[in-house]
Amino acid sequence: MTLSLSLPSFSAKLVPPSVYKAPTYSYRQKLQPFSSKDYNFQHLAGNLSVQQLHKAISTLDFASHQSTHHEQLVNCFLLLQACISSRSFELGKLLHHKLIDSGLELDSVFLSSLISLYSKCGDWKKAFSIFQSMGNKRDLVSWSAMISCFANNNMEFEALVTFLDMLEIGLYPNQYCFASVIRSCSNAKYASIGHIIFGIVMKTGYFDSDVCVGCTLIDMFAKGSYDMDSACKVFDKMAQKDVVTWTLMITRFAQLGCPGVAIDLFLTMLLNGYMPNGFTLSGVLSATAELEFLSLGQQLHSWVIRSGLASHDSVGCSLVDMYTKCAADGSVENSRKVFDRMPNHNVMSWTAIIRGYVQGSGQDKEAIKLFCDMLQGHVTPNHFTFYSVLKACANQEDLHFGKQLHAKLVKLGLSSVNSVGNALINMYARSGRMECARKSFDILFENNLISYSTIVNAHVNYLNSEEAFESFHNSKHTGVGVNSLTFANLLNGAACIGTIGKGEQIHARVVKSGFGSAQCINNALISMYSRCGNIETALRVFTDMGDRNVISWTSVITGFAKHGFATKALEMFYEMLQAGVKPNGVTYVAVLSACSHVGLIDEGWKHFNSMYKDHGVVPRMEHYACVVDLLGRSGSLSEAIEFINSMPFEANAVVWRTFLGSCRVHGNIKLGEHAAKMILEQDPHDQSAHVLLSNLYASKGQWKDVGAIRKAMKQKSITKEAGSSWIEVENKVHKFNLGDKSHPQAEKIYDELDRLASKIKSLGYVPNTDFVLHDVEDEQKEQYLFRHSEKIAVAFGLISTPKLKPIRVFKDFRVCGDCHAAMKYISMATGREIVVRDATRFHHIMDGTCSCNDYW
DNA sequence: CTAGGGTTAG
């Protein structure tokens, strides 16, 4: 549906305000006490409690002759107003039904209020039927009420059409009408119409004279186009301001990521003599929470108590939230105190405290308990509540409760709401139930970037590379709630898989979205390009970005390290120190691994010794593992084991696994067995220990030992995960397993493999059957080698990509030694550059040599 | 009579 609106014909229909006559009729002037002697509505209507209202309405007696019809109407009208202002909509409806039964005729004033009643309780159909039944009794007020009703119920299109219809019949809009119609332009879809109406409002003068109109305009810019500049211009030009205006500006700045500005505005507001109310406080408290500005939060809290605003619902919620977000140690104590002292709890306060337990302290069991308490207290959870509880469930080993919630959510129709759906995806993905995760994704109302980023991350964690981006391809950028973190997540997904095509697409979206300068995005871009094999572009992003932090530097150093450019990595490291950026633990992992990838043993030692001494970074297990790798990889196995024994804490499986890897490379069975023993002591089911040791035996031809390990694995029901390789061609990821024939072009691929085999043999390639891990005849061994997934991926790359482009292959495990050798020959035979990323590093293979110098 | 401001999220 589109709405076309052209300014000339539109304004030609406007009648000047003086022509329009406001109704002279007023209920206020003709108040009379109603039949029941118990209530003097004239005084009480505004202050009736819900119980009193209920009694008054249920005891209404229209048959009584003590008062005239008009007096009865006047009093009913007051009751209706009381119902609306106390949000007792059910009572309001009861009143309406009683009036219908009484047969009293309702005038346009009364009917407009009824439209408002139904509008506010969400029953726009009823409101509309009243409006339609009014026929020619419709006046400006009833039109305004109807427009407002559509705006309230997310029917912007209908609101705008109604507005146009009203102009059509020659009514001139007043401030109420403008406020409603502008509100429906807060939807980004109608931003351009909003600008036209803005122009008209400027001419009418309502913009200067009416605070409400100004407020809706501010919101139109803030909500519809995230355009705080224009919002500020409206704010500055407004002749009249009040608490609401200030509050609006404060909350919008806080919501749009400028909490500092929000707090400044709050102070300016105080300096200008405005008295903040509950809404203001809750807005500024959110800003405070966002900045984790605890001391200001505490000051505001004491002010809240002194000013008596503590009983304000949303202030309580904001305080609960502020204390959880500001607690450096994640404690919920302060939040809990605020929560317990709140006079009444609603969905929001329950959700705030539950969220506190989940996010702050990770006390998931307590969060689930609170959720049950909430249900017991008959408070209905909303999708935010479910979001938090599902997060708590995701951390439980037993998904029983989580599944129950899922069933409940389906019944409530909430499972397709984005935030809930994302929480479900997360919950299932965490426990590896990818099918359930996928189903939760498929039923989402709106597959926006955030849900894509959730499912992509979920798949990435389980290395379902071909599925991860399958859906991303068609994703639409809805822009709703997307922030820099969304993009960073997506980039991380692309990086994990190594799909540079998707990575570039996301990069383009980032640029379009205006998040291009965000530091976390640039850091993610550096990492993405480098992990996808394009270190040059990674470096360019790094050079071009304005504001670099440790993460930016570390990302680029890691990039160089992984690509085997140790000297470049170390140069960057020194440059970073020169720039005055303090290295952290991750930086040292990058530096040490750079050294170990090229065998710079002395340099590595130097940094390991200086990290604490010169930069105060305490070496952790992973740093020790780097040194073990540094020594072991270079063949100094006995030094490595000496180093392990001298560590200040007991080596964990990671360290031993690193060492076992070195034993495999250098063929040392005795030390390898020891390492495997140490790993299995910590975890008898460790898969890598079994596989590495078995491979070590196999390479030495000790088939009996290989068999023994196989048997042991079978007994412990440990399965060997099959390694796989993948390659991206024309934006699609093609994944291959060992001996894979499932690809549609399998026949062509295997033909190419055969051709390659004979071609490279003539160049001197000798199959290295040490890498065949089964005990079979030599001839068969050779065939086995040519079924390796990395060779299949390379062959596919050769037949399906243009000649000049490098072939980028990814493997989830270490590349096999024979494949590595074969690829060097293949690069010679075909003149193609082959880039391989395996579990540990990159290999750039060209003209028969590899950037790793066969040291890896 | 009809209009403006609030919490929680990936």
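We use all heavy atoms of the structure for the numbers below, so side chains are in, but hydrogens, waters and symmetry mates are not. A note on names: the letters A, B, ... follow the listed sequences, proteins ahead of strands, and every chain is numbered from 1.
- Among the heavy atoms of the strands lying under 4.0 Å from A:Q255 are primed sugar atoms or P, OP1, OP2 only; no base atom is included.
- Using a 4.0 Å cut-off, no side-chain N or O of A:R138 falls inside it from OP1 or OP2 of B:dT2.
- For A:K137 and B:dC1, the NZ to C1' distance is 14 Å, given to the nearest whole Å.
- The listed nucleotides are B:dT8, B:dC1, B:dA3; the one nearest the side chain of A:S286 is B:dT8.
- Atom pair A:K120:NZ and B:dG4:C1' shows a separation of 12 Å (rounding to whole Å applied).
- The A:A145 side chain lies nearest to B:dT2 when the options are B:dT8, B:dG6, B:dT2.
- Between the base of B:dG5 and the side chain of A:N277 there is a donor-acceptor pair shorter than 3.5 Å.
- Using a 4.0 Å cut-off, some side-chain N or O of A:R183 falls inside it from OP1 or OP2 of B:dG4.
- Residue A:Q359 has a polar side-chain atom (N or O) positioned under 4.0 Å from OP1 or OP2 of B:dA9.
- Minimum atom distance to the side chain of A:R252 is reached by B:dG5, of the listed B:dG5, B:dC1, B:dA3.
- Out of B:dA3, B:dG5, B:dC1, the shortest distance to the side chain of A:V243 is found at B:dG5.
- Spacing between atom CG of A:N346 and atom C1' of B:dT7 amounts to 8 Å, rounded to whole angstrom units.
- Taking the side-chain hydrogen bond (donor to acceptor under 3.5 Å, both in side chains) definition, one finds that A:S184 meets it with nothing, sequence neighbours left out.
- No aromatic stack links A:F384 and the base of B:dT8, using centre distance under 5.5 Å and interplanar angle under 30°.
- Note: A:Y118 and A:F128 fail the aromatic proximity criterion, with ring centroids not under 6.0 Å apart.
- Checked against the 6.0 Å centroid threshold, A:F131 and A:W143 count as a close aromatic pair.
- Across the protein-nucleic acid pair, A:M238 atom CE and B:dG5 atom C1' stand 12 Å apart, rounded to whole Å.
- Under the side-chain hydrogen bond (donor to acceptor under 3.5 Å, both in side chains) criterion, A:S209 pairs with no residue at all, not counting sequence neighbours.
- With B:dA9, B:dT7, B:dG5 as the candidates, the nucleotide lying closest to the side chain of A:R355 is B:dA9.
- Checking B:dT7, B:dG5, B:dA3 against the side-chain heavy atoms of A:C317 singles out B:dT7 as nearest.
- The distance from atom CD of A:E290 to atom C1' of B:dT7 is 14 Å, rounded to the nearest whole Å.
- Contacts between residues 244-251 of chain A and DNA chain B, defined by a heavy-atom separation under 4.0 Å, are made by A:V244, A:T245, A:T247, A:L248, A:T251.
- Residue pairs meeting the salt bridge (Lys or Arg N to Asp or Glu O under 4.0 Å) criterion with at least one partner in residues 75-87 of chain A, sequence neighbours excluded, are absent.
- Atom CD1 in A:I115 sits roughly 10 Å away from atom C1' in B:dC1 (whole-Å rounding).
- Ring geometry, A:W246 versus A:Y274: the interplanar angle falls from 30° to 60°, so the pair is classed tilted.
- Between A:L217 atom CG and B:dA3 atom P the separation is 17 Å, expressed in whole Å.
- Within the structure, the salt bridge (Lys or Arg N to Asp or Glu O under 4.0 Å) test picks out no pair touching residues 108-121 of chain A (sequence neighbours left out).
- Ring to ring, A:Y226 and A:F221 are not that close: their centroids are 6.0 angstrom or more apart.
- Here A:K241 lies out of heavy-atom contact (under 4.0 Å) with every strand.
- Between the side chain of A:D210 and the base of B:dG4, no donor-acceptor pair of N or O atoms lies under 3.5 Å.
- The side chain of A:Q175 places no N or O atom within less than 4.0 Å of a non-bridging phosphate oxygen (OP1 or OP2) of B:dG4.
- Neither OP1 nor OP2 of B:dA3 sits under 4.0 Å from any side-chain N or O of A:T216.
- The CG atom of A:N174 sits 11 Å away from the C1' atom of B:dC1 (whole-angstrom rounding).
- Residue A:T280 places its side chain closer to B:dG5 than to any other of B:dC1, B:dG5, B:dG4.
- Of the listed nucleotides (B:dG5, B:dT7, B:dA9), B:dT7 has the atom at the smallest distance from the side chain of A:S282.
- Under the side-chain hydrogen bond (donor to acceptor under 3.5 Å, both in side chains) criterion, A:Q240 pairs with no residue at all, not counting sequence neighbours.
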